[in-house]
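The structure displayed is predicted, hence computed values, not measured ones.
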Amino acid sequence: MTTDTETVGKGVQTLPLGKAITAGLRRAMQDDPKVLLMGEDIGPLGGVFRVTEGLHAEFGDKRVLDTPLAESGIVGTAIGLAMRGYRPVIEIQFDGFIFPAFDQITTQLSRQTLRHAGSLSMPVVIRVPYGGHIGSIEHHQESPEAYFAHTPGIRVVSPSNPHDAYWMIQEAIRSNDPVMFFEPKSRYWPKGPVDLDRTDLPLHASRIIRRGTDVTVVGHGAMISTLLQAADVASNEGTSIEIVDLRSLSPIDYGPLIESVEKTGRLVVTQEAQGFASLGSEIAATVAERAFYSLEAPVLRVSSFDTPFPPAALETEFLPSPDRVLEAVDRALAY
């Protein structure tokens, strides 16, 4: 039996997603002395969600740095460190706190390599706990990933399970490009198997996680849990749903998704973020272009509503639910 605070070892362990990230950070820091962590309260406290718990005691305050409450300054400092050969990993405490750093990320971090004609790498990872389902307040449950997927020069990824979280954080740290690492905070605590010896996919590969024949449903991050719940209900009603986990939001690996749609003829795109001008819009348009002659119904989208995130008491009405996914599946099958 494993615990929530297991360190890296051999074989398969059972870990929560949050502690899988901790283990991945620890292994990256052990492997490369140039990896260092920066963020608000990430030192002795271990961060708001305790994802960096124990790392300050193990690696010291020169590699796990508590920073001032200044997101723009944190990213600007990380850019300078990357220029000097370090691999900084930043924690943004909550998703909605990232906007003070938006200018540094989109106009500086994303462009440095191009400005230097490829001669300067920017190996900066920005960890962002994001999404809803934790009953919190405004600025603590946002889904801002589309802003950064829209920005050339930045890679954007989001794991949905502990195994992917463990390996993807290490792969992101090894990348010579900036990586926005969106962590579905509502999934920090559920446990899952983590193979500490090997991964089965590169950082930017999507994956079919449940086979089906009637409708393809695609999502990322915490939405995958919602989709699996919906697929279980649909199965009991005689409908077979195939689920694709994007994992990477920029670039997007369309291969498995197009293959799935060519088989099922129907696609429902899901996300926690608002629907207008979103990743869901981009995916729907691309699949309509690439798989038009395979589609038996319009590509349908399920998202949150186009309003600011509401008070916590209303979040279950705002966020996509299994019922809303199944309603879209039924509409797709009705064509």
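Comment: E91 engages R127 in a salt bridge, judged by a side-chain N to carboxylate O separation of less than 4.0 angstrom. A salt bridge links D164 with R207: the closest approach of a Lys/Arg side-chain nitrogen to an acidic carboxylate oxygen falls below 4.0 angstrom. Between E58 and R63 there is no salt bridge, since no side-chain nitrogen of the basic residue lies less than 4.0 Å from a carboxylate oxygen of the acidic one. Between E242 and R210 no salt bridge is recorded (no basic side-chain N to carboxylate O distance below 4.0 Å). A salt bridge is defined here as a Lys NZ or Arg NE, NH1 or NH2 lying under 4.0 Å from an Asp or Glu carboxylate O, and R174 with D32 fails to meet this definition. Remark: K263 does not engage E259 in a salt bridge, criterion side-chain N to carboxylate O under 4.0 Å.
When hydrophobic clusters are built by joining Ile, Leu, Val, Met, Phe, Trp and Tyr residues whose side-chain heavy atoms come closer than 4.5 Å, directly or via intermediates, M180 is grouped together with M168. Both V125 and L25 sit in one connected hydrophobic cluster of ILVMFWY residues. Membership requires side-chain heavy atoms under 4.5 Å apart, directly or through other members. Cluster annotation: I98 is connected to V156 through the hydrophobic network of ILVMFWY side chains, with a link wherever side-chain heavy atoms come within less than 4.5 Å. Connection of I74 to V51 is established within a shared hydrophobic cluster, with ILVMFWY side chains joined at heavy-atom distances below 4.5 Å, either directly or through further cluster members. M83 and V179 fall within the same hydrophobic cluster, where Ile, Leu, Val, Met, Phe, Trp and Tyr residues are linked whenever their side-chain heavy atoms come under 4.5 Å apart, directly or through other members.
A donor atom on one side chain and an acceptor atom on the other are found under 3.5 Å apart for S160 and D245. Judged purely by distance below 3.5 Å, without hydrogens or angles, the side chains of E145 and H220 pair a donor atom with an acceptor atom. No donor-acceptor contact under 3.5 angstrom links the side chains of H133 and S186, judged on distance only. Judged purely by distance below 3.5 Å, without hydrogens or angles, the side chains of E183 and Y188 pair a donor atom with an acceptor atom.
I173 approaches R87 most closely through the heavy-atom pair O-NH1, 3.0 Å. The minimum heavy-atom distance between S250 and A149, with the atom names listed, is OG-O, 3.8 Å. Taking every heavy atom of both residues into account, P320 and Q271 meet most closely at CG-O, 3.1 Å. Summarising the geometry of G131 relative to S143, their closest heavy-atom pair is CA-OG, 3.7 Å, with the distance given to 0.1 Å. Residues A222 and P184 come closest through the heavy atom pair N-CB, 3.5 Å. Across all non-hydrogen atoms, the minimal contact from P162 to L15 is CG-O, 3.3 Å.
Atom CD1 in I252 sits 9.0 Å away from atom OG in S206 (nearest 0.5 Å). Between the CD atom of Q112 and the CG atom of L114 there is a distance of 10.0 Å, given to the nearest 0.5 Å. The line from CZ of R266 to OG1 of T213 is 10.5 Å long, rounded to the nearest 0.5 Å. Atom-to-atom distance recorded for R111:CZ and I105:CD1 is 13.0 Å, nearest 0.5 angstrom. Note that CZ of R155 is 7.5 Å distant from CG of L203, once rounded to the nearest 0.5 Å. In this structure, CD1 in I209 is found 11.0 Å from CZ in R247, a value given to the nearest 0.5 Å.
Counting only heavy atoms from C-beta outward, the side chains of N161 and I224 never approach each other to under 4.5 Å. Taking 4.5 Å as the limit, some side-chain heavy atom of R115 sits within range of a side-chain heavy atom of Q108. Contact annotation: the side chain of I92 approaches that of I126 to within less than 4.5 Å [non-hydrogen atoms, C-beta and beyond]. Side-chain contact check for L228 versus I243: some heavy-atom pair is nearer than 4.5 Å. Proximity of F305 to Q274: side-chain heavy atoms (C-beta onward) are nowhere separated by under 4.5 Å. At a threshold of 4.5 Å between non-hydrogen side-chain atoms, the residues L314 and F318 do not count as touching. Side-chain atoms of L81 and I79, non-hydrogen and from C-beta on, never get closer than 4.5 Å to each other. At least one side-chain heavy atom of L109 sits under 4.5 Å from a side-chain heavy atom of V124.
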| query | Between L37 and L55, does a side chain to side chain contact (heavy atoms under 4.5 Å, CB included) hold up when you go through it step by step? | reply | CA-CA 9 Å; L37 312 184; L55 299 180; 3.6 Å; yes
| task | Step by step, work out the side-chain hydrogen bond (donor to acceptor under 3.5 Å, both in side chains) result for S281 and R301. | result | CA-CA 8 Å; S281 306; R301 290 178 287 161; 2.8 Å; yes
| task | Could you please spell out the steps behind the side chain to side chain contact (heavy atoms under 4.5 Å, CB included) verdict for T264 and V215? | result | CA-CA 5 Å; T264 66; V215 182; 5.5 Å; no
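Of the possible donor and acceptor atoms, one in the side chain of T106 sits under 3.5 Å from a partner among the backbone N and O of F102. The closest donor-acceptor contact from the side chain of T151 to the backbone of I154 lies at 3.5 Å or more, if one exists at all. Side-chain N or O atoms of T52 include one that pairs as donor or acceptor with a backbone N or O of I42 at under 3.5 Å. The backbone N or O of S235 sits nowhere less than 3.5 Å from a side-chain atom of T239 that would complete a donor-acceptor pair. A distance-only check finds no donor-acceptor pair linking the side chain of S321 to the backbone of E317 [under 3.5 Å]. Counting only distance, with no hydrogens or angles, the side chain of W167 and the backbone of D195 share a donor-acceptor pair below 3.5 Å. S304 places a side-chain N or O within 3.5 Å of a backbone atom of E272 that can act as its donor or acceptor partner. Side chain of S110 to backbone of G153: no donor-acceptor contact under 3.5 angstrom is found. With hydrogens and angles disregarded, no donor-acceptor distance shorter than 3.5 Å links the side chain of T107 to the backbone of Q104. Looking at S278, its side chain does come within 3.5 Å of a backbone N or O of G275 through a donor-acceptor pair.
Among K19, Q13, R27, the single residue meeting the side-chain hydrogen bond (donor to acceptor under 3.5 Å, both in side chains) criterion with Y166 is R27. Each of K185, Q141, H140, H139 was compared with D95 under the side-chain hydrogen bond (donor to acceptor under 3.5 Å, both in side chains) criterion, and only K185 meets it. Of the listed residues (L249, T270, L246), just one forms a side-chain contact (heavy atoms from CB on, under 4.5 Å) with I283, and that residue is L246. Checked against L267 for a side-chain contact (heavy atoms from CB on, under 4.5 Å), the options T216, L300, V217 give a single hit: T216.
Annotation: salt bridge (Lys or Arg N to Asp or Glu O under 4.0 Å) contacts involving residues 39-52, sequence neighbours excluded, are absent.
Within 6.0 Å of NE2 in H150 there are 12 or fewer heavy atoms belonging to other residues, nucleotides or ligands. Taking a 6.0 Å sphere around CZ of F97, one finds it holds more than 12 heavy atoms contributed by other residues, nucleotides or ligands. Residue-environment remark: OH (Y147) stays at or below the threshold of 12 foreign heavy atoms within 6.0 Å.
R290 forms a cation-pi arrangement with Y254, by the criterion of a distance under 6.0 Å to the ring centre and an angle within 45° of the ring axis.
For F94 and Y130, the ring centers sit 6.0 Å or farther from each other.
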